[in-house]
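Just below is one structure, and these are the notes that go with it.
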Amino acid sequence: MTSPQLAPLPADDTEIDRALADAEWVPLLGTLAHLTGDLGVLRPELVPDPLLMREPKSGYTDEQQQLAHQVCLEALRRFRDDQGGVPARPDDAAIRSIMEFMAGMPIDDRYVPLLVEELALDGDHLRAPHWHRTELAPDRPFTVAIIGAGMSGIAAAHRLDQAGVDFVVFEKNDDVGGTWLENSYPGCRVDIQNHMYSYSFAQRHDWPRYFSPRDVLAEYFRDCAERFGLMDRIELSSEVRSLTWDEPSRTWLLEVEGPGGIREFRAHAVVSAVGQLNRPKYPDIEGVGTFAGPAFHTARWDHSVELTGKRVGIIGTGASACQVIPAIAGQVAELTVFQRTAPWQLPAPNYQLEVAPGLRWLFGHVPFYAQWYRCWLFWRGAESMMPFAVVDPDYPPTERAVSAANEEIRTLLVEWLRLMTDGEPGLFEKVLPDYPPFAKRFVVDDGSLLITYRQPHVHLETTPIERIEPGGVRTADGVLHECDVLIYGTGFQASDFLMPMRVVGRDGVELHDRWQGDARAYLGMMVPGFPNLFLLYGPNTNIVVNGSIIYYSECEVHYLVECVRLLLAEHLAALDVRPDVHDAYNERIDEANRLRTWGWSKVRSWYKNASGRTAQNWPFSVLEFWELTRSPNPDDYLLTALEPEPAGR
Ligand code: NAP
């Protein structure tokens, strides 16, 4: 799964010219400005319109495409024939110019170091730890326990390993990969493009598809764990039941249930990388459990159940169910989809496509194209979307749209729904959401879902469910929808962070008692009274505007590794975030989230906890998260000094 080496550009132009037909122009022009050192290739006529960035070929007109083809071919020839070799990373001013061109708008200087890091043009060294334990505290015993070997846990293990810090990973499953191991339902795939949904330190130029299916991702994460030499440090089938802070020794005592029974393990720091979306939520509907046939959750797919020729019911229309529905429709005799709230659908025409052959060829032959492409996706997918989610109090906000910009997106999304439901009476009304875009997570789709809904044996049922019975699902209009198999696409217990682990901090305080169902943390990572405990993908670190969650995990891992550095360099036994720092931070988060579509809208979503507070989402820019996680400020923490070694030891 490691990306193969790039091949040299051929001497003959024909192959290059042919491949260019599939090029994604904007990042290719950026790449060529880098490779030729000539910013002149970023022609003013080719600056993309930010609103059309998601359109094929960035919304270029035919004339723009012809010009881009000509400019790229000429620049590629120049680069090939120049014999100057692959140039080093451009200076910051050039990177900024290239990014501004790709974004189609001015970019703040503050972004440049972040983008340089994400690009990883000179390999991985920028985000990797710049220190080693042997230089700071060669003789000090210091072990980190990492809980979970999914995407975040693997990243944490890799970085700690690079810093020479001892660690053990406990993983409850019998393999690594987390969510990509557990979710095996038909149609399961990532809904963020893979060139972006991958580690900055393990980029691939040869992803077979734009959006990889689950198997490819599971293999990618396993390959990373193997390639970074982590597998020997991961204890599989080992579930951490509890962790308790032991003040006298300033260590965490873990109770781990594994193949050999229950054992205790002591660690100086703990990283929780347990994920958020892995404890299935079954609906609170009368009669759950009484269904006579096979019934299972999307995340616990029962592959022994044959769906061919069966009448299948599926409850829910979130991201999981909306991937299952088109994937099984061709197989079943009848499919009834029970929808409580219509999701907004974000069209992605290349959702199921293989990467176009020419584009793949260019990734495999043009140095840095895959990195610039990834960076372009990063910008397009994350930062550029945030303004559309901000509530404009002067608009005034309604459950239709929360700002003029939000309304603009709504119009585009409604157009898509109209187009795809044309000629199918009543379907448009059923699939039109009654809340503003961005209030819930989008369902990414290429039209398959709406095409599936138009099939005669597929029924989209919007009458509320009254109860589940042995024979099927009865709706409030009294109709029994008979089913042979029932699938719960009803999501996860996302607000119950770290459940069901028992986590006991200073003074015997249990974390879930402290949270009372309203999880909060400083930077999503640190909770007062729980020293040296770092949460990854913790409260308020979730993306909404479709950036990559891997980016957030990498920022968090960077921060926790820097905290370990602080502990070792300053001879500290414990870092415990100050309650006032934690509280002020959370007030700021809450205030901002109230003015984001997801916090403002009354719609039900897993972004909110039982008290209605947005406990999941990060309301600011990706830049701000990066800046806040550069390095710990010791003033934010109550610091406990390491006790001197008793004399004569
Ligand atoms: P979800 O978004 O929470 O969707 C759950 C669905 O079940 C909703 O449609 C919900 O309706 C419905 N539901 C829940 N309880 C119900 C009840 N009592 N009666 C009727 N309907 C009920 O869960 P998910 O689809 O598993 O997705 C969760 C998250 O996982 C996603 O948002 C995404 O972040 C991640 N995910 C990612 C991918 C990907 O990358 N491709 C794929 C799958 C999941 P309401 O909307 O009315 O609550």
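In each ligand, atom 1 is the first atom listed, and ligand 1 is the first ligand listed. Quick note: numbers below take in every heavy atom, side chains included, and nothing from hydrogens, waters or symmetry partners.
Considering CZ of Phe492 and CG of Asn183, their distance stands at 5.0 Å, rounded to 0.5 Å.
Counting only N and O atoms by type, the side chains of Gln352 and Ser448 include a donor and acceptor under 3.5 Å apart. For the residue pair Tyr551 / Glu118, no side-chain donor-acceptor distance below 3.5 Å is found, with atom types taken as modelled.
Dense packing is recorded around CZ of Arg300, with more than 12 heavy atoms of other residues, nucleotides or ligands lying under 6.0 Å away. Within 6.0 Å of the CD atom in Glu591, the count of heavy atoms belonging to other residues, nucleotides or ligands does not exceed 12.
In this structure, Arg588 is positioned above the aromatic face of Phe620, its NZ or CZ under 6.0 Å from the six-membered ring centre and within 45° of the axis.
Within 4.0 Å of ligand 1, heavy atoms belong to protein residues Tyr185, Arg189, Val190, Asp191, Leu277, Pro283, Asp284, Ile285, Ile315, Gly316, Thr317, Gly318, Ala319, Ser320, Gln323, Arg340, Thr341, Lys440, Arg441, Gly489, Thr490, Gly491, Phe492, Arg604, Trp606.
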